[in-house]
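Order of the sequence lines sets the chain letters (A, B, ...), proteins ahead of strands, with each chain counted from 1.
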Amino acid sequence: MMDVPDPSDFPTPDLRALDASLRCTICGELYDGPVMLTGCGHCFCSVCVRQHIQRESDCPSCRMKTSEVAFRPNSVLEEVVGAWKEARKHVLDMARVEQTLAARSHASVALQTIPESSNPPSASVTPSSARSLKRKRRNVDYVSDSESSEVVLVDGSPTPKKRPGKVSKVSRANRGSEQPSSDPEEIPLDPNSNEIIDCPMCGKRVPLRSINPHIDSGCKDVGRPPSKISLSPTKARNNNAKTQWSSLFGAGGGSSGGPDSKGKGKGKDRSSPSEIPTERLANASYDVLKDKQIKQLLAEQNLPTTGDRKAWIRRHKHYLIIHNATLDKAMKNRSTFAELRQELKHWEDEKAKKPASAGVSDVVEYTKANDGEFKRLVQEARRNTKKPPPKDASPGISGQSEKTPSPVAPDIPVKSEDMET
Amino acid sequence: MSTNCKRRLMRDFKRLSTDPPGGISGSPSPNNIMVWNALIIGPADTPFEDGTFKLLLTFDDSYPNKPPTVKFLSRMFHPNVYANGELCLDILQNRWSPTYDVAAILTSIQSLLHDPNPNSPANAEAAQLYRENMKEYVRRVKATVEDSWLDPEEMDAVMAEDGDGDGGGAA
């Protein structure tokens, strides 16, 4: 199974809360082009909430009525998330190191009763007092460092090998050598720069100019060397010359893309205005449109007209979503027309390979076959019952759960209208 | 199937594992992340107390924009559960929100157990007893609680001899 980054990656509740607060409650990813709904103020990825609004005209969190005109790009949050994407890996590494050190030091306290000056009389350290000691220490560290921008590892944590004071220095040095450009101020902000940097998520070498699309794609596309222009449309065209799609990847902007696509072809610059959407597309009332008119809509956006009327509508609808969603991002984070078309194709491809629906036909047989699994689940559920309610466990996750239906609302209304008798 | 959907389900699983609500567990089946087995323990101080109720959740790639299909595998006697195990629960139908996750769904079902809505009955007999004959309702529920502890083979035997209509939920 694939692994996904998640607040639970962090060992401590405070960092989990931070990570959770920067994630969309619909998709669970770090916000991608966050928009705020005026009215209730809730935030979602633009794509997520635009997809939702196709079905329901309310806020997914609080159900206040809303519509696309109420969406406002949240550029401050976009910046914050961008910075957190850069910092997350380092913070995660440091938090884990801290946890390991703390665990090791507890072990040594318990076993050897080290007469370390910073410790209370260690002979009497019990597990619980050791825990409270750890908590206290951590608090002190975070507080004392709040003024400097550096996060410093547990000063004063007694380890068998290293002397307390050195820990932070060592880690700081490591950090510097591993990732010289990790400090936001050190990054040259010229988006056209040819510089290659390490991706903060996957560690691969990626041209600075394509780092955002790279991260947005889940670190799948490894950026090509800058000399070849990482987003070369011609390359894409050659690879898939047979399909109608690929011939379109290289084509210039749609009708809204401004002047004709003279930037087409080799040497095209990503930031060239004709390659990046700047105007919103309006929703169409497909029901009243003739086939020809719908095809026309697709043609205007340089989209293929393969498939039937249903396919055209679905394609145009989704293109509208991703097109308008990328406009909710800062200019430097926006997708080009070619990238949008690629994304649309990827989306259609995934839709196409539907898995054989794994419906369970025979309940009794299924239960028998999964008996072992259910026995394990019974034990697990029993264990969960015994532990005290995890109220204070993780404020971050509870941030999500306040939107969940049940524990808060005892009046779960059981629906009555469209029962399937 | 969509990668977004699978990533979301992986996160749901992580959340359910790191911060599980009391009396609830669940996990994707080993070979298909779109099908989950789940278990709810009947809440204390209700007729369902200590029952171990098995559920099956089936997702399609429109999740979380659309809710999964949820059904009880264990036999149930509850005003809002159909004979085939399907549920009548608003948040799994017209009150669904894409911000809900598996933990939220299972918590909702857990609280539905002790807080049924007899006004939208899926099991008319259970709803009527709940309104008019609480003692008999409790007796019937407790029978399903005991059924829920049985091994599948033992359950087969119970189902076979179940001509007396004791299990309102029997298909």
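Separating the OG atom in B/S29 from the OH atom in A/Y366 is a distance of 5.0 Å, to the nearest 0.5 Å. Note that CG of A/L377 and CG of B/N37 are 6.5 Å apart. Values are rounded to the nearest 0.5 Å. Of the inter-residue distances, the one linking A/N384 atom CG with B/L39 atom CG reads 10.5 Å to the nearest 0.5 angstrom. Atom OG1 of residue B/T52 and atom CD of residue A/Q379 lie 11.5 Å apart, to the nearest 0.5 angstrom. In this structure, OG1 on A/T367 lies 11.5 Å from CG on B/D151, to the nearest 0.5 angstrom. Here CD1 of A/I26 is found 7.0 Å from OG1 of B/T99. Values are rounded to the nearest 0.5 Å.
No side-chain heavy atom of B/K54 sits under 4.5 Å from any side-chain heavy atom of A/V363. Between A/P5 and B/K14 there is no side-chain heavy-atom pair separated by less than 4.5 Å. You'll find the side chain of B/L73 reaches within 4.5 Å of the side chain of A/F374, heavy atoms only. At a threshold of 4.5 Å between non-hydrogen side-chain atoms, the residues B/P20 and A/E380 do not count as touching. Annotation: side chain of B/N65 is in contact with side chain of A/R55 (closest heavy-atom distance under 4.5 Å). Within the 4.5 Å cutoff, side-chain heavy atoms of B/P98 are placed close to those of A/H52.
In this structure, chain B has a heavy atom under 4.5 Å from the side chain of A/V364, while its backbone stays farther away. For a residue to count as touching a neighbouring chain, one of its non-hydrogen atoms must lie under 4.5 Å from one of that chain's; by this rule B/L55 touches chain A with the backbone only. The contact between A/D9 and chain B is made entirely by side chain atoms (from C-beta outward), counting heavy-atom distances below 4.5 Å.
A side-chain donor-acceptor contact under 3.5 Å links A/R376 and B/S27.
By the 4.0 Å N-to-carboxylate-O rule, A/E29 lies close enough to B/R11 to be salt-bridged with it. B/R7 has no carboxylate O lying under 4.0 Å from a charged side-chain N of A/D3, or vice versa, which leaves the two without a salt bridge.
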